[in-house]
Amino acid sequence: MLIIGSSNARVGLPLGMAILRRGGTALDAVEAAIRAVESNPDDHTVGLGGLPNVLGVVELDASIMDGATRSAGAVAGVKGIEHPISLARRVMQDLPHVLLVGEGAERFAAECGFETAELLTAEAREIYLRGLRGEENTPYAGAAARAMVHRLAMQPERASGKDAGTVNVLALDSRGEICAGVSTSGFAWKYPGRVGDSAVIGAGNYCDGRYGAAACTGRGELAIRGATARTVVLGLAQGLSPEEAGRDAFADLDLIPDAYFSNMNSVVLTPDGRHAGFSTVENQIYVGMDETSSEVQSWPRIFVRLSANAT
Ligand code: ASP
């Protein structure tokens, strides 16, 4: 039994591990862990307290994939729903679809009895406004955000990418089944309606019970163009180790020219419990617990320098 995730998954992993220890499914563990992150108002990259789009509206993307069946569910551009990961799961289980967006997803949430909530907290609103005033050092704030407001267009800009975030959780249960989940408010100051990799199966999330699971955070457009999560899992399918599969997928990403900043991070888990993390930013970690852990552990991510980021 094992549950791993991006560093901000820390608040949810004990919940997920408790489910696994009780003999629960990887699917339940992933959902529970991500729900805790979605409810954390201090995390400005996911759910409640997430940073909004350029018009000040929080729009959420999420997906979940079950390795046993490769069933998947996803929602994108959803407003006013605190737990898009649970909505993604309902899409997977109750509809003959994989991905619902915007109004349709919100309609389905209402049918499923999801409550609506104001997700823009006072703190997130303050950060958003500071960004519009150019006081936040972010790729999409300041001049770029103002340009979007006035011209509904975004200027290519390079930046460190430190402001981005999303939660990834991958779990392996006592039956040997694996599941992957991703939830995000996406890039702050994004164009309204912009969907990132977190909702795109194969890009930000992929899980195949035969080989393993991978999930991403970082520049979603890059993970979509590189089909990064799927690329990692295909590497595993070819017999590569998690380290080799991740390195290969990132080497492939390096071939994609990107006018924006090129931050990418992935976590990888195999059905036999091997795992690895990757980042294009130095000194990053991922976190996890196994059945013997009394607390959340952390491990360094393998640093992969993208040539676009070399100075
Ligand atoms: N991948 C997310 C997105 O593109 C953002 C992030 O992880 O930083 O929406």
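Note that ligands are numbered from 1 as they come in the structure, with each ligand's atoms numbered from 1 the same way.
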**Q** Ion pair present between R194 and E221, side-chain N to carboxylate O less than 4.0 angstrom?
**A**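 Salt bridge present between R194 and E221.
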**Q** Would you find more than 12 non-hydrogen atoms of other residues, nucleotides or ligands less than 6.0 Å from E111 atom CD?
**A**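 Check passes, neighbour count above 12.
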**Q** Would you tell me whether D61 and T184 have side-chain atoms, one donor and one acceptor, within less than 3.5 Å of each other?
**A**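 Result is no, nothing qualifies.
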**Q** Taking only heavy atoms of T217 into account, list the atoms of ligand 1 that are under 4.0 Å away from them.
**A**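 Heavy-atom distances to T217 below 4.0 Å select 7 (O).
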**Q** Can an N or O of C216 be found at a distance shorter than 3.5 Å from an N or O of ligand 1?
**A**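 Between C216 and ligand 1 (N or O atoms, distance only) the closest approach is not under 3.5 Å.
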**Q** Nearest heavy atom to atom 4 (O) of ligand 1 wins, so pick from R219, E221, R194.
**A** R194
**Q** Answer yes or no: does an N/O atom from G186 fall short of 3.5 Å to an N/O atom of ligand 1?
**A** no
**Q** Side chains of E177 and T25: is there a donor and an acceptor less than 3.5 Å apart?
**A**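 Note: E177 and T25 side chains miss the donor-acceptor criterion.
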**Q** Please check if any side-chain donor atom of E82 sits under 3.5 Å from a side-chain acceptor atom of S39, or the reverse.
**A**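 Yes, S39 and E82 have a side-chain donor paired with an acceptor closer than 3.5 Å.
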**Q** List ligand 1 atoms under 4.0 Å from G165, heavy atoms only on the residue side.
**A**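 So the answer, numbered in order with elements, is 5 (C), 6 (C), 7 (O), 8 (O).
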**Q** So is G204 touching ligand 1 or not, going by heavy atoms under 4.0 Å?
**A**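 Per 4.0 Å heavy-atom rule, G204 does not contact ligand 1.
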**Q** Looking at ligand 1, does any of its N/O atoms fall within less than 3.5 Å of an N/O of D61?
**A**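 In fact, backbone or side chain, D61 has no N or O that close.
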**Q** Check step by step if side chain to side chain donor-acceptor pair (under 3.5 Å) holds for S63 and N205.
**A** CA-CA 7 Å; S63 64; N205 184 353; 3.0 Å; yes
**Q** Should you measure from each heavy atom of D197, which atoms of ligand 1 turn up under 4.0 Å away?
**A**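 It comes down to these atoms of ligand 1: 1 (N), 2 (C), 3 (C), 4 (O).
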